[in-house]
Amino acid sequence: MPAITLPDGSVRQFDAPVTGTDVAAAIGPGLARAALAMKLDGKEVDLSTPIGQDASVVFITRRDPEALELIRHDAAHVLAEAVQALYPGTQVTIGPSIENGFYYDFARNDPFTPEDFPAIEAKMREIVGRGEKFVREEIDRDAAIAFFQDRGEKYKAQLIQDLPGTETISLYKQGDWLDLCRGPHMRSTADVGTAFKLMKVAGAYWRGDHRNAMLSRIYGTAWRDQKELDAYLHQLEEAERRDHRKIGKEMDLFHIQEEAVGSIFWHPKGWKLYRTVEAYMRRRLDANGYQEVKTPQLVDRSLWEKSGHWDNYRQNMFITQVQDEDKFLALKPMNCPCHIQIFRQGMRSYRELPLRMAEFGSCHRYEPSGALHGIMRVRAFTQDDAHIFCTEEQIAPETARFITLLSQIYADFGFPDFRIKFSDRPEARIGSDDLWDHAEASLREACAIAGVAYELNPGEGAFYGPKLEFVLRDAIGRDWQCGTLQVDPNLPERLDAEYVGEDGARHRPMMLHRAILGSFERFLGILIEQYAGRFPLWLAPVQAVVATIVADADDYAREVAAAFARAGLAVETDLSNQKINAKVREHSLAHVPVLAVVGRKEAESRTVALRRLGSQAQEVLSLDEAVARLASEATPPDLKSGNVA
RNA sequence: GCCGGCGUAGCUCAGGGGUAGAGCAACUGAUUCGUAAUCAGUAGGUCCACAGUUCGAUUCUGUGCGCCGGCACCA
C-alpha cells in the first residue's frame, strides 16, 4: 500500500491505491483547492494519476513557477477548441507552451486575422467558464490513427504515425472536445483562468520545414492573474520604446531606404557611435596580439569555387560582371578565403603561430527578404572578423583567451551576462569523425579552461566545424547571435594553407574563425536597445550640450564648448532664443547625457551648471573642473588608468 | 522565399470615390526668460509605384516594391 513522501520529508500511509487528488484532500482542503498537478517521483503528471506504490509527491499550485507552463499549455487546448467551434473544418496540429505564452498551429484554407481574436477570446472564456474536466485516456496506436483520420484530422494522424512504436498514445478530453496530447494538464479548463490574451497571427510551416504546407499560427500570452498579464503587456510596451529602429530615427542615427534595401545610411551621429565602437575594438585587438589587415571587396569567382562557397552559397552572393569581360566577380560574403591568401604569401613557420589576423571586413550577402530586420539583419555589414591560424594544441588555449577577451568587451559594453551555445557536428558535414572528435573536444576543453557554462545546440555546427555562439537578447526578447568561434580544419586544406613545423616538414594549420561583436550593425542595434539610447558618456554620440539662458552668455557658452572640444568631448551649443525649460526638455528627449547650462551667473563666475540625463539635480563647477571631470568620465573603459589592456 | 498586416507632410497619425488635415519638427518675427514645451505667423504632399474599374481614384480591384509580425534561412 502506498506510502507518500511529501516535500517536507513527512510520509503518509494509504490503505489502497490513491490519486494525487486523494492525497491532497487527505492533507487538507486548502491544498485540495490549490493543487493543479503534481510531480510524482520528480515527473510532472495529472493530479488524477493513480499512485499504487510508494512514491514522492510534490504538488504544483498556482504559486509555483511550473504552474505557468501548465496554464499556457491548457490555454492552447482551450484555444484549439474555441477555434474548431467557431471555424468548422479547421484542422488542429500542435500547440505548445512557450516563453510568456503559447501558440497553436491550425490548418485552414483562410488564415486567421487579428480581427478574429475578439470572437475567439470570447469563446475561450466561455470554455474556461464551463470548467470542463481534463480527462486523460490512453488509446491503441492504430485505433488512434483511424480515429483522427475519420475526423479528417490528417495532421494528428500523421503525428501519431511518426511517434515511436513504444510511445503511449494519450488523448485529453475537455467536455466534448479532445486532443492528442502527452499531458500533463490541470484539473479542468477553469484552471486556465482569465488572464490570457491572443497576441498575433503568423504563418508557420508544418513541422518547421519550408517544403511543407504553411499553417496558420495564433500566438497568445497567459498568466496566473490579471496583474501579471497587465505587467507583461506593460513591459512589452516599454520594450517597443527601446526598439533600435525607433530610437535610430529619434536620435537621427541612421536610415534605410528602398533603393538600398538591407544597407544602412549612417548619419553623422550614428557614424560617430560606430567610430567610437570601432576605435575601441581596434585598441582591444591591437593589445591582444591581432594584426589588422584589409582585403578586397570584389574577388574572382575562382577563389569562391575553391573555397566551396560558390557551390554552397551562390544564390546568396552578389555577383558582378563588367561589360565586355567574361569574368565574374563576387562581393565577398566573408573574409576567410582572403585572409588565407595573405597567410599563403611566403613561407610560414610554426614560430609564427598562433597568427591572429583581424579585419573589419565589409561583407555582402543576399539575405532572404523576410530575414531583414532593421540594422540587426542586413545585406551589407561589417564583421569584426579575425582568423587565428594555429596548431591543434593551440585551439584550446586560443579559444580560452578569446572567451576572456570577449567577456571583457561585453562587460565594457554593459553586457556582463550572455549565453553561450555549443553547436556540434551537423548531419551534413565534411571531414572525418575523428577530426570532429578532436575539434569538439578542444572546444569543450577551452570552455572548461575559460570557466564558462554553455548550452548544447546539437547538430547546429557549421558544415566545416563545431562552433560556439555568444548570444545577446534585444529589447523585445529576441535572441541574436553576436560573437562566434568556429573551429575549421577544412578551409586551410581546400585553399592550401601550410606552415613549416619544428620537424622541417609542411603542415596544415588549424583555423579559428572568430568574431566578438559579430557585425557592427547588429551589435550597435543591440547596444541601442540595451541603453534605450541613453548611452554611457564614452559611447554617446553627443556627449554634452552647452545651453544658454540669456543671449548675454553666448560668448561664454562658445568658450565652454571650445574647452570641452579641446578635451576631446563631442559637444554642441544651443544658443537658440528658447527658454531653458524648453532646452532641457529637448536635449533630454535627445538623450544627451550632459547638459551644461550657462547664464549670466556662470559667465561672470566662469562656472557651468551640469545637469545629468535622468536627474534633476544641478552641479555647479568651475569650467576647469567640469572639463577635467567630464573628460575623465568620457574615457573609454580600456583607456582608464589601472585598466590597461 | 512563405503566411498575415501595413504604406497619407521631416516625425507621430486622422481622413476618405469629387485632386487632403492635426500635433510636433522646420522657417520668419516678437520675446532674453534659471533647469522637461513662450507667443504669433509662414511654408510644407505625385496620399509608395504601375495597371484596371469609373465621368472622376489618394480612396475600390489587381500586380509590383518596401516596411512590420511570425515561419524558413543566417557560411
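Residue numbering restarts at 1 for every chain, and letters A, B, ... go by the order of the sequence lines.
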Between A/K601 and A/T607, do the side chains contain a donor N or O and an acceptor N or O under 3.5 Å apart?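 On atom types as modelled, these side chains do not qualify, holding no pair under 3.5 Å.
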
List in chain and number order the residues that pass salt bridge (Lys or Arg N to Asp or Glu O under 4.0 Å) with [X], two or more places apart in sequence or in another chain; answer none if no residue qualifies.
| X | result |
| --- | --- |
| A/D105 | A/R217 |
| A/R242 | none |
| A/E602 | none |

Answer yes when [X] and [Y] have at least one side-chain N-carboxylate O distance shorter than 4.0 Å, and no when they do not.
| X | Y | answer |
| --- | --- | --- |
| A/R508 | A/D496 | yes |
| A/R600 | A/E604 | no |
| A/R425 | A/E440 | yes |
| A/E99 | A/R473 | yes |
| A/E238 | A/R241 | yes |
| A/K467 | A/E460 | no |

Mind calculating the distance between [atom1] ([X]) and [atom2] ([N]) to the nearest angstrom?
| X | N | atom1 | atom2 | value |
| --- | --- | --- | --- | --- |
| A/L485 | B/A75 | CG | C1' | 15 Å |
| A/E250 | B/C24 | CD | P | 17 Å |
| A/K249 | B/A25 | NZ | P | 18 Å |
| A/Q257 | B/G10 | CD | C1' | 14 Å |
| A/R377 | B/G1 | CZ | C1' | 12 Å |
| A/F463 | B/C73 | CZ | P | 17 Å |
| A/M251 | B/G10 | CE | C1' | 18 Å |
| A/R478 | B/A72 | CZ | C1' | 16 Å |

Does the protein touch nucleotides 33-46 of chain B at the base, only the backbone, or not at all? Give it as B, S and - per nucleotide, heavy atoms under 4.0 Å. BBBBBS--------

Spell out protein contact along nucleotides 2-8 of chain B as letters: B when the base is contacted, S when just the sugar-phosphate is, - when no protein heavy atom is under 4.0 Å; keep the 5' to 3' order. BBS----

Same-atom distance ([atom1]) from [N] to [M], integer angstrom:
| N | M | atom1 | value |
| --- | --- | --- | --- |
| B/G29 | B/A43 | C1' | 14 Å |
| B/G45 | B/A9 | P | 11 Å |
| B/A37 | B/A25 | P | 12 Å |
| B/G66 | B/G52 | P | 24 Å |
| B/C71 | B/C11 | P | 29 Å |
| B/A75 | B/C6 | P | 34 Å |
| B/U54 | B/G18 | C1' | 12 Å |
| B/U8 | B/A20 | C1' | 8 Å |

Strictly by Watson-Crick or wobble contacts shorter than 3.5 Å, is anything paired with [N], and which nucleotide is it?
| N | value |
| --- | --- |
| B/A30 | B/U38 |
| B/G56 | none |
| B/G17 | none |
| B/G69 | B/C3 |
| B/G10 | B/C24 |
| B/G45 | none |
| B/U61 | B/A51 |

Check RNA chain B against residues 206-213 of chain A and give the residues with a non-hydrogen atom under 4.0 Å, in numerical order.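 Under 4.0 Å from RNA chain B: A/G208, A/H210.
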
Using a cut-off of 4.0 Å on non-hydrogen atoms, how would the nucleic acid contact of [X] be classed: base, sugar-phosphate, or nothing?
| X | value |
| --- | --- |
| A/Q481 | nothing |
| A/G465 | nothing |
| A/Y103 | nothing |
| A/H373 | sugar-phosphate |

Should A/R245 be listed as having a side-chain N or O under 4.0 Å from OP1 or OP2 of B/G69?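 Checking B/G69 against A/R245, a side-chain N or O does come within under 4.0 Å of OP1 or OP2.
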
Are A/K467 and B/A75 close enough that a side-chain N or O sits under 4.0 Å from OP1 or OP2?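 Yes, A/K467 has a side-chain N/O under 4.0 Å of OP1/OP2 on B/A75.
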
Measure the acute angle between the ring planes of A/Y232 and A/W223, then classify it against the limits of 30° and 60° as parallel, tilted or perpendicular.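 Because their plane-to-plane angle lies in the 30° to 60° range, the rings of A/Y232 and A/W223 count as tilted.
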
What is the ring orientation for A/Y313 with A/F463, classed by angle as parallel under 30°, tilted 30 to 60°, or perpendicular over 60°?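 Plane angle between 30° and 60°, so tilted.
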
Here's a test of your reading of the structure: between A/N316 and A/R217, which maps to the more 5' nucleotide of RNA chain B?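 This one resolves to A/R217.
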
Mapping A/I476 and A/R522 to their closest nucleotides on RNA chain B, which lands nearer the 5' end?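 Checking each residue's closest nucleotide, the 5'-ward one belongs to A/I476.
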
Any donor and acceptor pair, going by atom type alone, linking the side chain of A/R365 with main-chain N or O of A/E367 inside 3.5 Å?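 Flag not set: sc A/R365 to bb A/E367 has no pair under 3.5 Å.
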
Among A/F418, A/F415, A/W480, whose side chain to side chain contact (heavy atoms under 4.5 Å, CB included) with A/F470 holds?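 For A/F470, the side chain to side chain contact (heavy atoms under 4.5 Å, CB included) check succeeds only for A/F418.
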
